Amino acid sequence: MSKLQQLYEGKAKRVYATQNADEVIVSYKDDATALDGLKKGTISGKGAINNRMTNFFMQMLEKEGVPTHFVEELNDRETVVKKVSIVPLEVIIRNISAGSFAKRYGVEEGIVFAEPTIEFSYKNDDLHDPLINSYHALALNLATKEEIKRIKELAFKVNDVLKAYFLKLNVKLVDFKLEFGRLSDGTIVLADEISPDTCRFWDADTNEKLDKDRFRRDMGGVEDAYNEMMRRVFGE
Ligand code: TMP
Ligand code: ASP
């Protein structure tokens, strides 16, 4: 399997066609952005870390009954995935208050919720990914009722699996963002990535941030945080 023409370039990944019309190759970059792309930088080694971690979690989730787009890891930053049409929703699950939740509702970070929350943003950088509810998603034809029900069910399942896993690594899974796609037959599968770019990870003892918030908030130690998560997951 090798790369043909580039189909798409996003902020953190490129997508290439392959010889197989149902599969594409994702290539992870070291580029990092925040604030809808306004803040730009590089996190050295990030592409390889996010590729490896995402593939590890996608395979773990498949075993737990969550269908994903994962096919095969090609090398340190490239992976073959099933071609999907992305549902233009950012699906965010939260276990602990942080980030935009804390800001929007005027609460401190670190409040542990009795139940996880789910929210949707309309994936649209020009509009700054506005928060929407499932009725808005239906009204905008972003997904069908059945698809939204399935997406919610899968997102909570992902949370159950990952939260329990990270706790064993002494990491709190604070919140994370998922994206889902449709296969050509309409099946909803988990797509995009699961990495320190798209999750908030806090050390369970110290609450030290081990994720992209260090870049977003200019805290320094960004590469060290990604490497520490790599070490906890893969023991290296
Ligand atoms: P938020 O608190 O800024 O809404 O972020 C919630 C989670 O979603 C957090 O784990 C980071 C992740 N996220 C992304 O993956 N992409 C984004 O563009 C944003 C804003 C957040
Ligand atoms: N992906 C988002 C952007 O570039 C940033 C983020 O993860 O906060 O705007």
Side-chain angles (χ1 to χ4, degrees), residues 8-15 26 28-43 46-47 49-51 53-54 57-58 69 86-113 116-133 136 142 151-152 154-156 158-159 161-163 165-166 171-181 190-204 207-219 222-223 225-226 229 233:
Y8 172 78
E9 175 157 16
K11 289 183 290 229
K13 301 187 277 298
R14 295 188 186 89
V15 179
V26 177
Y28 287 74
K29 305 190 279 187
D30 284 353
D31 298 354
T33 66
L35 309 168
D36 298 327
L38 267 180
K39 180 184 167 86
K40 290 190 173 67
T42 303
I43 301 175
K46 170 172 93 79
I49 289 175
N50 289 2
N51 182 44
M53 273 203 205
T54 295
F57 294 126
M58 292 282 175
H69 71 167
I86 287 284
V87 178
L89 291 173
E90 301 209 333
V91 181
I92 294 162
I93 297 274
R94 301 179 192 268
N95 297 303
I96 299 177
S97 66
S100 69
F101 182 98
K103 201 170 169 195
R104 178 175 305 113
Y105 302 117
V107 296
E108 68 203 75
E109 297 197 307
I111 302 165
V112 180
F113 303 143
T117 69
I118 190 165
E119 69 201 44
F120 298 115
S121 293
Y122 174 25
K123 207 171 134 59
N124 184 319
D125 275 346
D126 293 337
L127 299 175
H128 309 293
D129 299 340
L131 182 68
I132 60 172
N133 66 31
H136 297 148
L142 306 182
I151 285 171
K152 284 182 181 166
L154 291 174
F156 283 119
V158 170
N159 187 46
V161 173
L162 294 185
K163 201 167 69 171
Y165 171 79
F166 282 112
V171 169
K172 293 181 193 167
L173 178 60
V174 175
D175 56 30
F176 56 94
K177 187 260 308 184
L178 300 176
E179 295 185 25
F180 291 86
L190 181 62
D192 196 49
E193 66 180 277
I194 300 175
S195 72
D197 272 23
T198 60
C199 303
R200 285 197 173 96
F201 298 128
W202 293 357
D203 179 86
N207 283 344
E208 185 189 354
K209 296 184 197 308
L210 298 172
D211 58 62
K212 191 180 164 191
D213 266 355
R214 303 196 76 90
F215 170 80
R216 296 187 187 101
R217 302 179 187 193
D218 295 318
M219 296 171 74
V222 185
E223 278 91 358
Y226 279 69
M229 282 307 300
V233 174

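Computed from heavy atoms alone, side chains included, the values below leave out hydrogens, waters and symmetry copies. Indexing begins at 1, ligand by ligand and atom by atom, following the structure's order. What you are looking at is a predicted structure, and each value in this text was computed from that prediction instead of being measured.
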**Q.** Flag for Asn159-Asn95: side-chain donor and acceptor within less than 3.5 Å
**A.** yes

Q) Is the shortest side-chain N to carboxylate O distance from Asp197 to Lys46 below 4.0 Å? A) yes

Distance-only check: which donor-acceptor pairs under 3.5 Å involve side-chain atoms of residues 101-110, not counting sequence neighbours?
unit_1	atom_1	unit_2	atom_2	d
Glu109	OE1	Arg217	NH1	3.1
Glu109	OE2	Gly99	N	2.7
Glu109	OE2	Arg217	NH2	2.9

Q: Check salt bridge (Lys or Arg N to Asp or Glu O under 4.0 Å) between Arg214 and all other residues, then give those that pass, not counting sequence neighbours.
A: none

Q | Test: Lys209 and Asp203 ion pair at under 4.0 Å | A | no

Q. Does the side chain of Asn207 come under 3.5 Å of the side chain of Lys172 through a donor N or O and an acceptor N or O?
A. yes

(Q) Residues around ligand 1, heavy atom under 4.0 Å from any ligand atom, sorted by chain and number. Can you pull those? (A) Glu90, Ile92, Arg94, Ala98, Gly99, Ser100, Asp175, Phe176, Lys177, Asp197, Thr198, Cys199, Arg200, Arg216

Q) Centroid-to-centroid, Phe57 to Phe166, below 6.0 Å? A) yes

**Q.** Inter-residue atom distance Tyr226.OH - Ile43.CD1, 0.5 Å rounding
**A.** 4.0 Å

Could you pull out every N or O of ligand 2 that sits under 3.5 Å from a protein N or O, with the distance for each pair?
unit_1	atom_1	unit_2	atom_2	d
ligand 2	4 (O)	Thr33	OG1	2.2
ligand 2	4 (O)	Gly37	N	3.3
ligand 2	7 (O)	Lys212	NZ	2.8
ligand 2	7 (O)	Arg216	NE	3.4
ligand 2	7 (O)	Arg216	NH2	3.0
ligand 2	8 (O)	Arg216	NE	2.6
ligand 2	9 (O)	Asp36	N	2.4
ligand 2	9 (O)	Gly37	N	3.1

Q | N-O pairing of Lys11 and Asp31 below 4.0 Å | A | no

